[in-house]
There are 2 protein chains.
Amino acid sequence: MEQPDKKHVIFQTVLELIREKGFHGTPVSMIAERANVAAGTIYHYFDSKEVMLLELYKYIKEQVQAIVVKTEQSSQTYPEQFYQLWMALYQFYINNPNVLGFFEQFVNSPYYTDELADNTCALRKTLLDFVSKGVKQNVLMPLRPEILSALFHGNVLTMAKMHKLRKVVLKKEEVSEVIDACWRSVTRPGTGYPDKRTIDFKLNKNGK
Amino acid sequence: MEQPDKKHVIFQTVLELIREKGFHGTPVSMIAERANVAAGTIYHYFDSKEVMLLELYKYIKEQVQAIVVKTEQSSQTYPEQFYQLWMALYQFYINNPNVLGFFEQFVNSPYYTDELADNTCALRKTLLDFVSKGVKQNVLMPLRPEILSALFHGNVLTMAKMHKLRKVVLKKEEVSEVIDACWRSVTRPGTGYPDKRTIDFKLNKNGK
DNA sequence: AAAAACCGAATGAACATTCAATCGGTATGG
DNA sequence: CCATACCGATTGAATGTTCATTCGGTTTTT
């Protein structure tokens with residue numbers, strides 16, 4: 001029976017190796033060795049290297065998507081959802097630094113076709129809905145959702161990359177400051193919810 | 001006689017091809033063909049493909065660095081410098097979309113060694129100085145310069161990538177809104193310079 | 001004992017790099 | 001003013017290596 005485990009082992013190995021050696025620099029043979037399987041076995045699970053990377057890409061997107069959905073549900077007020085979402089994504093990327101590099105390489109590779117790009121990607125859609133909701137509630141600036149979404153997610157990614165690439169580790173208060181900064185950037189300047197949001201919120205849920 | 005032109009032609013070709021085909025997917029032979037030189041010629045100018053990419057990386061960084069320096073000098077007040085700098089970088093990345101992908105691929109490639117990372121890279125240093133100045137002037141939040149710098153540059157990059165990858169084209173007013181958003185994120189919430197900065201500033205300088 | 005998972009050596013294509021040959025221009029000598 | 005020697009730039013076919021993929025056989029599972 002096809003072990004789902006093995007696929008995950010391979011995925012994990014690919015992420016590791018891509019981080020270490022880059023997108024090139026990771027031949028199938030090396031993946032096989034590190035994952036303790038034979039090269040041929042990889043082709044039992046995936047039709048080709050390309051298919052493998054595509055599946056991995058989808059797999060990760062689903063993970064992130066799941067985090068977003070789950071986190072959004074766990075809070076009530078918009079500001080709190082915002083805070084928690086930022087935090088949850090940040091922690092995910094910090095705990096899975098390999099993902100950051102993989103994504104960047106992937107979207108710039110020939111594998112990333114236009115279909116994949118404008119595809120009704122669930123993650124993108126979820127984030128767009130999230131910011132649209134904020135606009136409707138008159139909390140966020142009345143900007144196009146694409147822009148707000150990019151500002152939000154881009155901010156998280158920037159901080160995570162800073163952590164990974166520059167080894168800049170944010171202290172707890174600094175994280176709060178940055179989330180505040182992000183919040184300030186997407187909300188109307190005067191509009192309410194000014195400090196109310198500096199909630200003593202609980203990390204433990206997402207933390208590891 | 002060694003033509004400096006030819007190096008630039010090769011650089012430009014590499015950027016183009018990497019955008020089209022990704023970092024892999026661009027063999028030297030293809031670069032040679034597109035640049036209308038023989039494969040061997042490339043090795044007359046560069047010791048290896050690796051060296052070529054390293055030089056290209058430096059070359060681009062210097063270009064960006066030059067833009068930052070020049071733009072910083074062209075304005076007096078900090079808010080205006082901030083505005084102009086954001087704008088100049090944004091326009092550079094919009095006009096040179098190939099650069100975006102190249103950078104991302106490069107920093108995740110095996111070529112990007114630790115030396116290059118923490119290296120006293122002039123660009124990084126300049127940006128750090130710029131935000132430090134802002135902190136000293138009590139305009140920017142008292143955060144670590146690394147963080148402020150990342151927030152600033154990350155914001156520009158995010159918007160440029162949105163443009164490139166999602167084909168989201170910002171209208172003039174939207175650009176202003178985004179710069180304002182970025183400004184709000186790095187300045188103290190209450191602190192002065194609130195709207196004064198929505199200067200009717202002149203694009204023509206950097207525009208193309 | 002059939003099927004499915006797994007192995008890893010073998011295959012052939014693609015690649016970075018090399019190098020002997022050519023070309024075009026510039027200095028040197030008559 | 002021509003002819004000759006010289007030099008670096010340029011070429012592209014040849015080389016050796018690396019890689020993705022295949023496939024005949026072996027083990028494991030059902």
Side-chain angles (χ1 to χ4, degrees), chain A residues 1-59 101-102 105-106 108-113 116, chain B residues 1-59 101-102 105-106 108-113 116:
Chain A
M1 192 156 300
E2 190 167 297
Q3 288 185 301
D5 271 4
K6 202 148 278 185
K7 260 197 177 183
H8 288 157
V9 170
I10 293 172
F11 280 163
Q12 222 44 54
T13 307
V14 171
L15 287 176
E16 259 177 45
L17 280 172
I18 282 184
R19 166 147 199 204
E20 285 172 33
K21 317 273 185 182
F23 215 81
H24 21 320
T26 71
V28 174
S29 57
M30 199 181 279
I31 297 168
E33 192 183 2
R34 177 82 69 98
N36 289 313
V37 298
T41 305
I42 289 179
Y43 286 85
H44 177 73
Y45 288 95
F46 308 99
D47 283 346
S48 68
K49 194 184 184 184
E50 169 162 359
V51 168
M52 183 186 80
L53 293 171
L54 248 80
E55 274 193 41
L56 175 52
Y57 176 71
K58 270 197 207 164
Y59 168 70
F102 175 74
Q105 311 243 350
F106 187 83
N108 287 298
S109 76
Y111 306 137
Y112 190 69
T113 60
L116 280 174
Chain B
M1 197 151 303
E2 190 168 293
Q3 288 184 301
D5 271 5
K6 202 147 278 185
K7 260 195 176 184
H8 288 156
V9 171
I10 294 171
F11 279 163
Q12 223 43 54
T13 306
V14 171
L15 286 176
E16 259 177 44
L17 280 171
I18 282 183
R19 163 144 200 207
E20 284 172 33
K21 316 275 184 182
F23 216 78
H24 20 318
T26 71
V28 174
S29 58
M30 198 182 280
I31 297 167
E33 192 183 0
R34 177 81 68 96
N36 290 314
V37 297
T41 306
I42 290 179
Y43 286 84
H44 177 74
Y45 289 93
F46 308 100
D47 283 346
S48 67
K49 193 184 186 184
E50 168 161 1
V51 168
M52 184 186 81
L53 294 171
L54 248 81
E55 275 194 39
L56 176 51
Y57 177 72
K58 270 196 207 163
Y59 169 68
F102 175 75
Q105 311 244 350
F106 187 83
N108 287 297
S109 76
Y111 306 137
Y112 190 70
T113 59
L116 281 174

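Throughout, a chain's letter reflects where its sequence line sits, starting with A, and its residues are numbered from 1.
Per the geometry, CZ belonging to F23(B) stands 12 Å off P belonging to dA16(C), to the nearest Å. Going from atom CD1 of I42(B) over to atom C1' of dC19(C) covers 16 Å, rounded to whole Å. We find that NZ of K6(A) is positioned 11 Å from C1' of dC7(C), with the value rounded to whole Å. Atom C1' of nucleotide dT22(D) and atom CZ of F46(A) are separated by 18 Å, given to the nearest angstrom. Taking atom OH of Y43(B) as the reference point, atom P of dA13(D) lies 17 Å away to the nearest angstrom. Atom CE in M30(B) sits roughly 9 Å away from atom P in dA16(C) (whole-Å rounding). Rounded to whole Å, the distance from OH on Y45(B) to C1' on dT10(D) is 9 Å. The distance between atom NE2 of H44(B) and atom P of dC19(C), rounded to the nearest whole Å, is 16 Å.
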**Item:** Pair F11(A)-F46(A), ring-ring contact (aromatic ring centres under 6.0 Å, His included): steps then yes or no
**Value:** CA-CA 11 Å; F11(A) 280 163; F46(A) 308 99; 5.7 Å; yes

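Side-chain N/O atoms of T41(B) include one lying less than 4.0 angstrom from OP1 or OP2 on dT11(D).
Looking at the side chain of K49(B), the nearest of the listed nucleotides dA16(C), dT21(D), dC6(C) is dA16(C). Taking only side-chain atoms of S48(A), from C-beta outward, the nucleotide of dT17(C), dT21(D), dT10(D) with the closest atom is dT21(D). The side chain of P27(B) lies closest to dC15(C), out of dA5(C), dA20(D), dC15(C). Considering only side-chain atoms of V37(A), the nucleotide from dA16(C), dC7(C), dT21(D) that sits closest is dC7(C). Nearest to the side-chain atoms of A38(B) among the listed nucleotides dT17(C), dC7(C), dT11(D) stands dT11(D).
E55(B) is linked by a side-chain hydrogen bond (donor to acceptor under 3.5 Å, both in side chains) to K7(B), counting only residues two or more places apart in sequence or in another chain. Residues forming a side-chain hydrogen bond (donor to acceptor under 3.5 Å, both in side chains) with E16(A) (at least two apart in sequence, or on another chain): R34(A).
The environment of E33(A) atom CD is sparse: at most 12 non-hydrogen atoms of other residues, nucleotides or ligands sit within 6.0 angstrom.
Between F23(B) and Y111(B), the ring planes lie tilted relative to each other; the angle falls in the 30° to 60° range.
Each of G40(B) and G40(A) has a nearest nucleotide on DNA chain C; the 5'-most of these lies closest to G40(A).
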